[in-house]
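Treat the numbers as computed from the prediction; the structure is a model and nothing was measured. Just so we're on the same page: letters track the sequence lines, and every chain starts at 1.
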Amino acid sequence: MILGDLLGLPVLDSDGGRLGKAADIRFVLDGAPHQLMSDARMLGIVVSPHSAASFLGYERTNLTQPWPLAHLLRWRHRGSFLVLWEDIALIRKDAVKLRPGFTRYSPALEDLGRGR
Amino acid sequence: MTSPELVPLLPVQGRILDAQLHLLDRQVLDHDGVPVTTVDDLELSGPALGEEIPQGTPAPVLDALLTGPVLGTRIFGGRPPSSRLIRIHWKDVADVGVVVRLGVGGEGLDASWVERWVRDKIIARIPGGRHDPR
């Protein structure tokens with residue numbers, strides 16, 4: 001599957017309610033090790049309720065400078081959350097559907113990855 | 001930054017990469033630091049579009065970085081057919097930072113065929129085009 005087909009798709013809950021759009025896809029390098037890097041396993045989808053794209057990722061970091069830009073972009077991506085792969089029920093051409101009782105995780109990037 | 005109703009994600013063993021933030025549109029350099037291309041898209045090992053994902057299905061992994069003729073589709077929408085996209089396998093990627101570094105030489109990659117073709121068919125036929133300028 002090509003990632004560009006997934007980015008920007010509407011994300012729906014199990015009842016078909018619209019939650020937002022797939023703004024980014026998160027990977028974690030903890031798969032099978034190779035000579036250079038480990039496999040990048042898909043961890044989940046960052047869902048943004050107000051925007052289809054992600055720009056500079058201010059909503060996922062603690063960066064506050066430059067102040068106007070940081071506040072504007074954080075406001076634009078307010079309410080963003082991460083859903084894990086385990087909570088994804090179906091990826092269609094026109095939408096992503098989540099499982100009943102999915103969990104909204106914080107999309108923050110700080111202090112998540114350990115080791116390289 | 002984090003709304004109170006969001007559950008904090010437990011730290012994971014391994015580096016985190018967000019596709020848009022850390023991979024897409026990054027420049028790709030080969031092991032000698034020579035620019036090869038940029039990351040236009042990514043290819044995953046699954047799942048198939050439109051098929052229900054059974055509970056417990058292992059998460060897909062990143063198969064390849066994709067590059068290709070995307071200028072037109074960036075302006076007018078859509079994407080080139082999968083067969084037109086050139087793949088750089090993830091196992092050839094050595095590091096992801098400000099740029100994506102490969103652990104292999106760019107000479108043998110399909111991604112740089114246009115540059116090689118222009119060098120061999122056009123530049124080489126210009127008088128003096130076969131050696132470094134002095």
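Looking at B:Glu43, both its backbone and its side chain come within 4.5 Å of chain A, counting heavy atoms on both sides. Within the 4.5 angstrom heavy-atom criterion, no atom of A:Arg78 approaches chain B. Of the atoms belonging to A:Ala32, not a single heavy atom falls under 4.5 Å from chain B. Within the 4.5 angstrom heavy-atom criterion, no atom of B:Ala64 approaches chain A. At a 4.5 Å heavy-atom cutoff, the contact between B:Leu21 and chain A is made by backbone and side-chain atoms alike.
B:Thr67 and B:Asp40 share a side-chain donor-acceptor pair at under 3.5 Å.
Ion pairing between B:Glu107 and B:Arg119 holds under the 4.0 Å rule for side-chain N and carboxylate O. Look at B:Asp25 and B:Arg74 and you find a salt bridge, because one of the NZ, NE, NH1 or NH2 atoms lies within 4.0 Å of a carboxylate O, short of that distance. Between A:Arg60 and B:Asp18, at least one side-chain N (NZ, or NE/NH1/NH2) sits under 4.0 Å from a carboxylate O, which counts as a salt bridge.
Without hydrogens or angle criteria, A:Arg26 side chain to A:Pro107 main chain gives a donor-acceptor distance under 3.5 Å. B:Arg26 contributes a side-chain N or O that, together with a main-chain N or O of B:Val98, makes up a donor-acceptor pair within less than 3.5 Å. No donor-acceptor pair closer than 3.5 Å links the side chain of B:Asp32 to the backbone N or O of B:Val34.
What you find for A:Ser38 and A:Gly31 is that their closest heavy atoms are CB-O, 3.7 Å. Closest of all the heavy-atom pairs between B:Ser45 and B:Asp63 is CA-OD2, 3.5 Å. Minimum interatomic distance between A:Gly79 and A:Pro49 (heavy atoms only, all atoms of both residues): O-CG, 3.3 Å.
Counting heavy-atom pairs closer than 4.5 Å to chain B, the top residue among A:Ile25, A:Asp24, A:Val46 is A:Asp24. Among the candidates B:Leu62, B:Ile53, B:Val61, the residue making the largest number of heavy-atom pairs closer than 4.5 Å to chain A is B:Ile53. Contact count versus chain A (heavy atoms, under 4.5 Å) is highest, among B:Gly103, B:Pro47, B:Gly78, for B:Pro47. The residue among A:His77, A:Arg99, A:His34, A:Met42 with the most heavy atom pairs within less than 4.5 Å of chain B is A:Arg99.
Contact residues of residues 83-94 of chain B toward chain A are B:Leu85, B:Trp90, B:Lys91, B:Asp92, B:Val93, B:Ala94 (heavy-atom distance under 4.5 Å). Along residues 81-97 of chain A, the residues that come nearer than 4.5 angstrom to chain B, judged on non-hydrogen atoms, are A:Phe81, A:Leu82, A:Leu84, A:Trp85, A:Glu86, A:Ile88, A:Ala89, A:Leu90, A:Ile91, A:Arg92, A:Lys93 in order of number.
If you chain together hydrophobic residues whose side chains sit under 4.5 Å apart, B:Val7 and A:Leu43 fall into the same group. Cluster membership for B:Val118 and B:Val36, using ILVMFWY side-chain heavy atoms within less than 4.5 angstrom, is not shared.
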Item to check | salt bridge (charged side-chain N to carboxylate O under 4.0 Å, His left out) assessment of B:Arg79 paired with B:Asp41 | outcome: CA-CA 10 Å; B:Arg79 67 162 169 84; B:Asp41 214 330; 5.3 Å; no
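Ring centers of A:His71 and A:Trp75: at least 6.0 Å apart, outside the cut-off.
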